[in-house]
Each structure stands twice: as C-alpha cells, then as structure tokens.
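For reference, the structure discussed in these notes is given below.
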Amino acid sequence: MEGKGKVNGVAAMAACYQGFDPAAYLQYNYTPPRADFERKDSIVPWKLACLHRAFTEGDVRGELLVDIGSGPTLYQVLSGCEVFNKVLLTDFLEVNRQELRGWLEDEGGCNLDWTPYLQHVCKLEGRRPSAWTEKAAKLRQVITDIVPVDVHRPQPLALYALPSEGADCLVSCFCLESVSPDLAAFTRALGHIGRLLRTGGHLLLIGALGESYYFGGPGVRIPVVPLNEAQVCASLKESGYTLIRLEVYTLPQDMRVGVDDVSGVFFVKAIKE
Ligand code: SAM
C-alpha cells in the first residue's frame, strides 16, 4: 500500500507539470522585481552571488558539472561554466529542454534575454560587462548535452549520460521541493541525485523556504513541499551529505508578486560523504 501511495503522489506531481509554460515561468521569476540587477536585495542577484562565491572558493572543481532540473533557465551555470570543462543540463520536460536548446543553438526565439545575467556575472568576476559575449561563447562551448531527468527514479539519468565515476559537482535550483509530493519524497530525491555524484563531490542546492505552491503558467498551480532550514539540514544528513554552508534570503515584501507563496530561499554547499 505504502509503495502505491508513493507512486500516486509522484504521478500526481508529473501530471501538474504537463501544464508548465516556460515563457510564463521565466516572466514570473526572471524579470524585475525578482531579477533587478540594480538592487542588492533582489532575489536573482542574491542567487548569482551565492553561486559566484561557491564556484570561486577553489574547492569546487573537476571535469563535469551537472545541473539537475534546469527548467528553462541558465543563470545557475553562469559561474560554474568557467570552472568545469563540461556542463550537462537536464530537465523532466521536453518544452524546457527545447527552450535551452534554442539558446544553445543561438537561432533566436528565446523567451528570455540572458544578456543582463551574463553581464552581471562578468561584473561579479571582475570582468568588464562587455565580456558577456565571451561568457556566452564559453557556456555554449562547455554544455555537452541537455537530457531528460527524473529525480524520483533511483537512477535519475540514462546510464550513458554520465561517466561511471559520476559528476564532480551537482547544482540544482528550486527543483526537488517543487516536484516532490512530501518531505519523504524530497529526501529520497536528494539521495537519488547523490548517486550521480562522486564521493567527495560538491552539491550546490538552492530552494524555496515555506512555499506551498507556485504557478508554472497561467492557472497552473503546482504544489510544493514547504521546507524550513532544519528540515533541509536533516534531509541532507539522511541522504549522505555533509553540510559546508547554509545561507538564507528572506523575500522583501515587494518580491511577493503573487506567483507563489515563497517566504525565503536557501543556498546550500555540501559534500557527498
Ligand atoms: N531550475 C530552474 C530554476 O531555477 O528556475 C527550474 C525550477 S522549476 C521550479 C522545477 C523544474 O523541475 C521544472 O523545470 C520541471 O520541469 C522539473 N521537474 C518536474 N518534475 C521533475 C522530476 N520528476 N525530476 C526532475 N525534474 C523535474
């Protein structure tokens, strides 16, 4: 019975995602006020600063970086693409993989212009903003593939997608809590993605705090597991990670724009034991 319940919860989440609209999702979350590069307290600059710091401290390195549940977004690999020779993007939905392929092939028609993001990360790296074209070229050069993923499977990626030793680093943003029916499934998913990571490899995890739903498109209400910091730490421990750092961002009132009920964001840097 318990096994069947698990399957039903996961299947219900997958059904919610059938209405996901990449263009709307990008508009809700990746334009001002949430992506206002003039404001230090805007959510996207906060995330980019966390990722920049994590990727430039010197301990996160290797050959292969894998992004779990990329969605239609690229911001999460803009710092990592300078450190890793190979970056693998993944998502559950073909519409999101298509959006990413559109950018990779540079044929126009993307639903978001990533230029201000590229410029902002260049600035964080102490480069002139005009270096964004070099960063875009670098990113296109290191992305090796965009493949399907399902974090509810014990083996989330196709076997051919990864070398046998696993990835050197995983990044995953707003994925696990927004695709899991409950906390137990979130913790299991953390364990599943850990199997893709080599021992001693890093996990950089960004996620929502206190969120019970978000809109993946007009009228597409997707349930989320509401998490607090203690639950995130306990799930990491249970799934075989050692926490290095947890940072928390609290949403200012004017970032609460009616597309979800998120109250904060966590950033985790951890190591696989
Ligand atoms: N990483 C992006 C970001 O930071 O905005 C997208 C996050 S979005 C809230 C959640 C993503 O999880 C969607 O792109 C969705 O397609 C993906 N997803 C849905 N079900 C999934 C599953 N079972 N396994 C992995 N990813 C899934």
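Here, residue 1 is the first one in the sequence, and each next residue gets the next number. Whatever order the structure lists them in is the order used to number ligands and atoms, beginning at 1.
The proximity of H152 to ligand 1, defined as any non-hydrogen pair under 4.0 Å, is limited to the side chain. If you look at T73 next to ligand 1, the close heavy atoms, those under 4.0 Å, all belong to the side chain. Contacts of S70 with ligand 1, taken as heavy-atom pairs under 4.0 Å, involve the backbone alone. The part of S178 lying near ligand 1 is the side chain, judged by heavy-atom distances below 4.0 Å. Under 4.0 angstrom from ligand 1, the non-hydrogen atoms of V179 all belong to its side chain. Of the heavy atoms in D91, only side-chain atoms (C-beta onward) come closer than 4.0 Å to ligand 1.
Partners of Y117 by ring pair (Phe, Tyr, Trp, His ring centres under 6.0 Å), not counting sequence neighbours, listed by chain and number: F37, W114.
Judged by distance alone, the side chains of E238 and T187 never bring a donor and an acceptor atom under 3.5 Å apart.
Taking the charged nitrogens against the carboxylate oxygens, K269 and D59 do have a contact shorter than 4.0 Å, which makes a salt bridge. The residues E82 and K135 are annotated as salt-bridged, a charged nitrogen and a carboxylate oxygen being separated by less than 4.0 angstrom. A salt bridge is absent between R61 and D168; no separation between the charged side-chain nitrogens and carboxylate oxygens falls under 4.0 Å. A salt bridge does not link K138 to E134: none of the charged side-chain nitrogens sits closer than 4.0 Å to a carboxylate oxygen.
V151 N, 3.0 Å is the protein heavy atom nearest to atom 24 (N) of ligand 1. Looking only at heavy atoms of the protein, atom 15 (C) of ligand 1 is closest to Y17 CE2, 3.5 Å.
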Counting only pairs under 3.5 Å, give me each side-chain donor-acceptor contact of residues 40-48, with atom names and distances, residues two or more places apart or in other chains.
{"unit_1": "D41", "atom_1": "OD1", "unit_2": "R39", "atom_2": "NE", "d": "2.8"}
{"unit_1": "D41", "atom_1": "OD1", "unit_2": "R39", "atom_2": "NH2", "d": "3.2"}
{"unit_1": "D41", "atom_1": "OD2", "unit_2": "R39", "atom_2": "NH2", "d": "3.1"}
{"unit_1": "S42", "atom_1": "OG", "unit_2": "P33", "atom_2": "O", "d": "2.8"}
{"unit_1": "S42", "atom_1": "OG", "unit_2": "R34", "atom_2": "O", "d": "2.9"}
{"unit_1": "S42", "atom_1": "OG", "unit_2": "D36", "atom_2": "N", "d": "3.0"}
{"unit_1": "K47", "atom_1": "NZ", "unit_2": "Y30", "atom_2": "OH", "d": "3.2"}
{"unit_1": "K47", "atom_1": "NZ", "unit_2": "Y75", "atom_2": "OH", "d": "3.3"}

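Under the side chain to side chain contact (heavy atoms under 4.5 Å, CB included) rule, I206 has a single partner from V268, L51, V171, which is L51. Each of Y17, F174, F215, F20 was scored for a ring pair (Phe, Tyr, Trp, His ring centres under 6.0 Å) with Y25, with one residue passing: F20.
For ligand 1, the atoms lying closer than 4.0 Å to a non-hydrogen atom of C173 are 1 (N), 2 (C), 3 (C), 4 (O), 7 (C). Interface atoms of ligand 1 facing Y75, defined by a heavy-atom separation under 4.0 Å, are 3 (C), 4 (O). Less than 4.0 angstrom separates some heavy atom of G69 from each of these atoms of ligand 1: 1 (N), 2 (C), 6 (C). Those atoms of ligand 1 with a heavy atom of C175 less than 4.0 angstrom away are 12 (O), 25 (C), 26 (N). Of all atoms in ligand 1, listed by their number and element, those nearer than 4.0 Å to a heavy atom of F174 are 4 (O), 7 (C), 8 (S), 9 (C), 10 (C). For ligand 1, the atoms lying closer than 4.0 Å to a non-hydrogen atom of V149 are 24 (N), 25 (C). Ligand-side atoms of ligand 1 in range of D150: 22 (C), 23 (N), 24 (N), range being under 4.0 angstrom from any heavy atom. Atoms of ligand 1 found under 4.0 Å from any heavy atom of N96, numbered from 1 in the order shown, are 13 (C), 14 (O), 16 (O).
Counted within 6.0 Å of CZ on R153, heavy atoms from surrounding residues, nucleotides or ligands total 12 or fewer; the atom is thus considered open. Atom CD of E94 is surrounded by more than 12 heavy atoms from other residues, nucleotides or ligands within 6.0 Å.
The residue among Y30, Y28, F92, Y25 with a heavy atom at the shortest distance from atom 6 (C) of ligand 1 is Y25.
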